[in-house]
Amino acid sequence: MTEQLDDFETQAMETHQLDEEDDFEKLLDEFISNASFGLVKADDEEEDFEEKEEEDEEEDGLDDFDPDLEDYPEGTVKFNENNCVKVEVLKPLREPRKELEKLVGCQNIKQQINDLLLFSTYNKWMVIEHPGWKEHDVSLHAIFFGKPGTGKTTVCKIYGSLLKEAGMLSKGHVVVCSRGTFLGSNWGDEEKAVRQVLEMAQGGVLMIDEAYLLNSAHPNDPGKMVIPMLMEILANEQHRDIAIVLCGYKEPMQKLLDLNAGLASRFPHRYEFADFTVDELMEITRRRVSEYRYHFTRAAWTKYRSLLTEAYAKRDANTWGNARFVANLLEHIYLLHAKRCVRHIAMSPSKSIKCFAITPADVQPIEVPQPKRRVGF
């Protein structure tokens with residue numbers, strides 16, 4: 001009898017806890033939907049929201065955010081008059097939330113980013129509703145674990161744009177760097193480069209691809225100075241309007257973090273980009289092909305899937321390119337398709353040809369990257 005009562009009490013407590021969690025979720029959804037700064041709005045309020053937005057624009061004379069009208073850096077690191085390095089500067093997106101939802105796969109990434117934005121919204125709501133409340137510090141620095149072609153740069157661009165939209169960054173652009181960005185030819189060039197890229201990325205995101213290459217085994221490697229410099233400068237409160245994203249393969253990135261506890265503590269957000277599945281790569285293919293208004297015939301689509309499945313089965317964990325492999329494969333298909341169309345037109349100019357249809361003849365395999373064999377013993 002006692003055991004039955006204990007079981008009953010346990011079930012009752014669990015049920016009560018679930019009810020409380022459901023109530024919290026409902027309340028959270030409600031205040032986010034109703035907040036004037038909210039990132040989410042209810043479907044039945046969409047028209048009213050849009051009408052109010054149009055009224056505000058008419059009253060204030062404001063236009064929609066246009067990244068082309070913003071002032072962004074040109075993307076040049078200058079060591080001296082004769083030595084410069086170009087870096088890529090990605091402008092923010094106009095509709096980053098739509099771009100996030102359109103991503104193929106990446107469900108865990110989407111959820112983590114939405115959770116971060118939710119926390120920011122909660123922060124703002126609490127400040128408004130409870131004056132004097134101590135606002136939470138929200139770190140924006142992140143680690144992107146993943147292999148090439150898994151969407152790290154694409155997500156980084158969306159990340160910066162969403163943080164700008166949420167008011168967490170002032171500009172939202174992304175400055176893309178790598179080891180080569182920081183290494184000049186003279187002593188002290190590293191510090192010059194670090195300060196310049198931080199200035200470029202102010203208000204946006206500084207993305208360092210393959211960041212673990214800045215920590216080689218060689219004791220005199222000048223790249224070793226870059227990360228300590230970044231950490232020192234980031235300790236300054238003037239650099240709050242910036243997000244730094246370190247990208248690279250999971251294992252070497254984890255080793256980099258393990259070697260420096262201070263670095264690990266400054267990057268609380270970890271996003272892991274998994275390999276795409278065959279179905280996800282097929283969806284990526286479909287979207288890329290549609291950009292050119294091409295379409296596969298049924299036989300060509302079947303052949304393509306078979307070819308991609310075979311390549312996927314033979315892939316090497318360290319060299320597989322994911323979406324990059326799809327891009328390379330499609331470039332090969334486009335070339336064969338163009339040659340076939342031109343040949344047909346040259347031989348039979350009076351006959352029409354379906355130039356937007358990719359046929360089985362266009363779908364031919366390319367080499368699947370494999371690890372290089374080591375020479376010697």
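Because only heavy atoms are used, hydrogens play no part in the values below, and waters and symmetry mates are left out as well, while side chains stay in. Because the structure is a prediction, the values reported are computed rather than measured. Position 1 is the first residue of the sequence, and the numbers go up from there.
Comment: Lys110 does not engage Asp115 in a salt bridge, judged by the lack of any side-chain N to carboxylate O separation of less than 4.0 angstrom. Under the 4.0 Å criterion applied to side-chain N and carboxylate O atoms, Arg288 and Glu291 are not assigned as salt-bridge partners. A salt bridge does not link Lys98 with Glu101: none of the charged nitrogens is closer than 4.0 Å to a carboxylate oxygen. Using a 4.0 Å cut-off between a side-chain N of Lys or Arg and a carboxylate O of Asp or Glu, Asp279 and Arg305 qualify as a salt bridge. A salt bridge between Glu191 and Arg195 is present, with a side-chain N of the basic residue lying under 4.0 Å from a carboxylate O of the acidic one. With respect to the salt-bridge test (charged N to carboxylate O, under 4.0 angstrom), the residues Glu251 and Lys255 do not qualify. With salt bridges taken as basic N to acidic carboxylate O contacts below 4.0 Å, none links Glu210 and Arg179.
Between His141 and Phe267, the ring planes are tilted. Angles from 30° to 60° get that label. By the 30° and 60° cut-offs, the orientation of the rings of His136 relative to Trp133 is perpendicular.
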> Can Phe325 and Tyr312 be said to form a ring pair (Phe, Tyr, Trp, His ring centres under 6.0 Å), step by step?
Replying inline: CA-CA 10 Å; Phe325 178 81; Tyr312 190 84; 9.7 Å; no
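Proximity of Val104 to Leu281: side-chain heavy atoms (C-beta onward) are nowhere separated by under 4.5 Å.
Between the side chains of Arg315 and Asn322, no donor-acceptor pair of N or O atoms lies under 3.5 Å.
The one candidate from Lys303, Lys354, Arg340 that meets the salt bridge (charged side-chain N to carboxylate O under 4.0 Å, His left out) condition with Asp362 is Arg340.
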